[in-house]
There are 2 protein chains.
Amino acid sequence: MAATLWDVAKQTGLSIATVSKYINGIRVKESNAARIQQAIDELGYRVNMIARGLKTNRSMTVGVLIPSLVNLFSTSIVSAIERVLQENGYSTFICDYNSDPEMEENRFRFLMDKSVDGIIIMPTSIPETSLDRAVQSGIPLVSIDRPLEGTDTVLVDNFLASYEATQHLIQAGHRRIGIITGPGTIYTARERYRGYMQAMKDSGIDPDPACIRQGDYELPGGHALTREILDHTEPPTALFVTNYEMTLGAVIALNEMNVSIPRDLSFIGFDNLEMAQIIKPRLTIVMQPVALIGKTAADLLLRRLSGDMQDFPVLHRLKTELIPGDSVIQPK
Amino acid sequence: MAATLWDVAKQTGLSIATVSKYINGIRVKESNAARIQQAIDELGYRVNMIARGLKTNRSMTVGVLIPSLVNLFSTSIVSAIERVLQENGYSTFICDYNSDPEMEENRFRFLMDKSVDGIIIMPTSIPETSLDRAVQSGIPLVSIDRPLEGTDTVLVDNFLASYEATQHLIQAGHRRIGIITGPGTIYTARERYRGYMQAMKDSGIDPDPACIRQGDYELPGGHALTREILDHTEPPTALFVTNYEMTLGAVIALNEMNVSIPRDLSFIGFDNLEMAQIIKPRLTIVMQPVALIGKTAADLLLRRLSGDMQDFPVLHRLKTELIPGDSVIQPK
DNA sequence: TTGAAAGCGCTAACAT
DNA sequence: ATGTTAGCGCTTTCAA
């Protein structure tokens with residue numbers, strides 16, 4: 001059906017080998033080059049990547065494994081990854097594991113079976129041992145958002161992000177500061193909780209457990225827990241919500257309860273500048289450099305793919321940014 | 001490095017062909033089957049999909065092309081597609097074209113070059129002629145969300161969805177009904193606009209242009225246009241917003257403006273039941289069956305992939321659902 | 001500079 | 001039921 005090297009060779013009267021060389025950028029006689037190119041155009045010849053892959057043992061694809069495709073944070077990163085990889089001739093198998101630990105391993109194996117050249121993974125609970133197969137096959141692995149033992153990693157300084165946000169509230173004069181964290185099983189959630197606790201401690205504040213709620217990183221959780229915290233007889237004067245979905249839920253809940261930001265409650269949210277800027281008053285948020293995370297991970301993988309194993313395993317800890325809005329003022 | 005058929009054959013003392021047969025589910029002697037399986041386990045043998053693909057001329061991958069990876073509607077569909085495909089042994093190349101017409105063609109060609117077995121595309125502006133290559137290569141194509149000439153298509157009845165929503169407002173007694181539509185370049189936006197106009201017309205209402213705004217399907221647009229419409233000297237008594245992002249923007253804007261739903265304004269939004277249920281009062285929304293769209297498209301593609309070209313090209317027009325909330329009441 | 005030939009790992013006749 | 005063999009389309013020595 002589709003034209004092959006053989007067709008081009010035949011049409012030009014040259015050999016397959018010569019045509020192959022031309023395609024791979026090896027010098028051929030100028031006049032031949034022209035004839036080959038013409039034949040390629042006429043026949044609409046395109047390299048069969050599968051055949052090439054079989055020969056070169058490189059599929060020019062990388063796998064990207066994320067908890068969920070239906071999550072803005074993940075997909076923003078993937079979007080950046082895909083762009084970089086694509087610019088370098090790689091294509092991307094994107095897999096989600098539905099935040100399901102079993103499926104996580106499952107999909108990882110699946111990617112391996114697809115003979116990807118490298119893998120970028122946002123792990124939740126996959127045990128290090130399951131990754132051995134990749135390591136042993138010499139397939140580069142880059143972990144994002146959460147660290148993995150003995151693996152190149154790109155993440156943000158979650159502890160510091162949370163520390164700074166909390167400190168920001170403290171400096172505004174708050175002492176009764178609420179926080180909605182993520183699941184204790186998730187690394188980022190633990191780190192963000194740590195940052196909050198440390199900041200409180202460093203200021204000599206003893207946090208009230210009534211102000212601390214562990215959420216699930218999902219919108220409904222943020223909504224419900226915000227109500228819980230605010231319904232307390234002595235609600236906090238400031239609230240810090242530690243991811244995007246829960247921030248959305250919190251804002252909706254506060255609107256419903258007619259709790260005015262920042263008059264009744266100072267507020268710091270997480271991620272998604274766009275949303276933060278649209279809300280009135282503009283929300284003060286912790287912003288993660290999603291595009292940079294993706295780009296850094298992709299660049300790193302590309303480097304490993306090219307055989308450069310310098311400084312392995314490296315840990316890129318990117319900085320978050322506290323974007324000031326109008327949602328934090330002094331408590332009454 | 002990795003074990004091949006040859007290794008397994010050698011270890012078992014059988015021939016490559018026999019091992020291959022076993023792997024492909026062709027009966028071999030029971031005792032041999034056991035030996036082969038054991039060797040496979042011991043060696044950690046896994047089929048080389050690339051080699052198999054070269055031989056069978058099927059890569060067992062399909063391409064999915066969407067405008068954006070950073071859009072809940074798209075990714076929800078993709079998520080469903082991926083699930084179905086994966087269950088059937090296919091893997092998925094997900095590409096986004098950043099809502100950029102040039103890139104759209106670009107990425108389409110890219111997928112073709114990757115010798116995918118089939119393609120599911122959510123097209124924006126790709127000309128039918130660009131798809132010829134797929135058609136000529138015999139690569140099945142399924143279009144989602146928007147119809148494509150001569151192509152299997154899965155979409156929802158946008159006209160009816162909008163008609164019903166508008167009618168719902170009219171039946172509640174509204175006559176001054178605002179709408180925020182999407183870009184005129186996008187099929188769904190045009191259809192939703194048509195549905196609104198038709199419903200108004202069928203009830204003998206002449207819509208006021210001041211109540212009609214064309215948005216961009218993005219959150220900030222919904223936000224800004226809601227303010228515009230409400231700032232009018234004679235604002236509508238009801239507002240219909242025609243996609244998720246803009247609905248989010250509209251709700252935020254209304255909260256800011258202290259416009260109470262439904263007391264001051266009846267409201268119908270679009271998509272994302274989760275959000276609609278969390279907002280108080282619960283939003284009445286038009287819901288698209290995203291999971292079903294994905295599943296239908298994947299099933300259809302799978303059918304074409306298996307050679308069943310019955311009723312080609314078929315158009316699946318799925319039904320949306322108007323989910324009643326508490327955001328629509330009679331106007332004052 | 002070009003071409004002949006040997007596979008990459010697998011499947012599928014075909015023969016046994 | 002099993003084995004032999006001929007490729008799939010490409011890259012890459014090696015020789016000419």
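Below, chain A is the first sequence line, B the second, and so on; all start at residue 1. Computed from a prediction, not measured in an experiment: that's the story for all the values here.
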From CZ of B/Arg58 over to P of C/dA12, roughly how many Å is that when rounded to an integer?
11 Å

Please determine whether any donor N or O and acceptor N or O are separated by less than 3.5 Å between the side chain of B/Lys21 and the base of D/dG3.
yes

Nearest-Å distance for atom pair CE/C1', residues B/Met60 and C/dC10
15 Å

Does a salt bridge link A/Asp132 with A/Arg109, judged by any charged N lying under 4.0 Å from a carboxylate O?
no

Count the heavy atoms of every other residue, nucleotide or ligand shown that sit under 6.0 Å from CD of A/Glu149, and state whether that count exceeds 12.
no

A/Lys114 atom NZ, over 12 foreign heavy atoms within 6.0 Å:
yes

Pair B/Asp152 + B/Arg303: basic N to acidic O under 4.0 Å:
no

With the side chain defined as heavy atoms from C-beta on, A/Ala17 is closest, among D/dC10, C/dG9, D/dT12, to D/dT12

Among C/dC10, D/dG9, D/dT4, the one nearest any side-chain atom of B/Lys55 is C/dC10

Report the distance from atom CE of A/Met49 to atom P of D/dC10, rounded to the nearest whole Å.
11 Å

For the pair made of CG in B/Leu5 and P in C/dG7, what is the distance, rounded to whole Å?
18 Å

Report the nucleotide, chosen from D/dA1, D/dC10, C/dT11, that has the shortest atom-to-atom distance to any side-chain atom of B/Arg52.
C/dT11

If only atom types and distance count, is the side chain of A/Thr92 paired as donor or acceptor with the main-chain N or O of A/Glu82 below 3.5 Å?
no

A/Asp7 has an atom CG; how far is it from atom C1' of D/dC10, in whole Å?
13 Å

Candidates C/dT1, D/dC8, D/dC10 - which lies nearest the side chain of B/Leu54:
D/dC8

The side chain of B/Thr56 lies closest to which of these nucleotides: D/dG3, D/dC10, C/dA12?
C/dA12

It should be established whether A/Asn24 places a side-chain nitrogen or oxygen under 4.0 Å from OP1 or OP2 of nucleotide D/dT11.
yes

With a 4.0 Å heavy-atom cut-off, tell me which residues in residues 8-16 of chain B come close to DNA chain C, sorted by residue number.
B/Ile16

Between C/dT16 atom C1' and B/Lys29 atom NZ, what is the distance in whole Å?
15 Å

Touch check for A/Tyr45, heavy atoms < 4.0 angstrom, all strands: base, sugar-phosphate only, or nothing?
sugar-phosphate

B/Thr4-B/Asp7 side chain donor-acceptor pair, cut-off 3.5 Å:
yes

Whole Å only: how far is the CG atom of A/Asn48 from the C1' atom of D/dT11?
13 Å

Just by distance, do the side chain of A/Asp308 and the backbone of A/Gln310 share a donor-acceptor pair under 3.5 Å?
yes

Taking CD1 from B/Ile23 and P from C/dT11, how many angstroms apart are they, rounded to a whole number?
7 Å

Residue mapping more 5' on DNA chain D - nearest nucleotide basis, B/Ala51 or B/Val28:
B/Val28

Within the structure shown, what part of the strands sits under 4.0 Å from A/Ser20 by heavy-atom distance: base, sugar-phosphate, or nothing?
base

Without swapping roles, check the side chain of A/Asn106 against the backbone of A/Glu102 for a donor-acceptor pair under 3.5 Å.
no

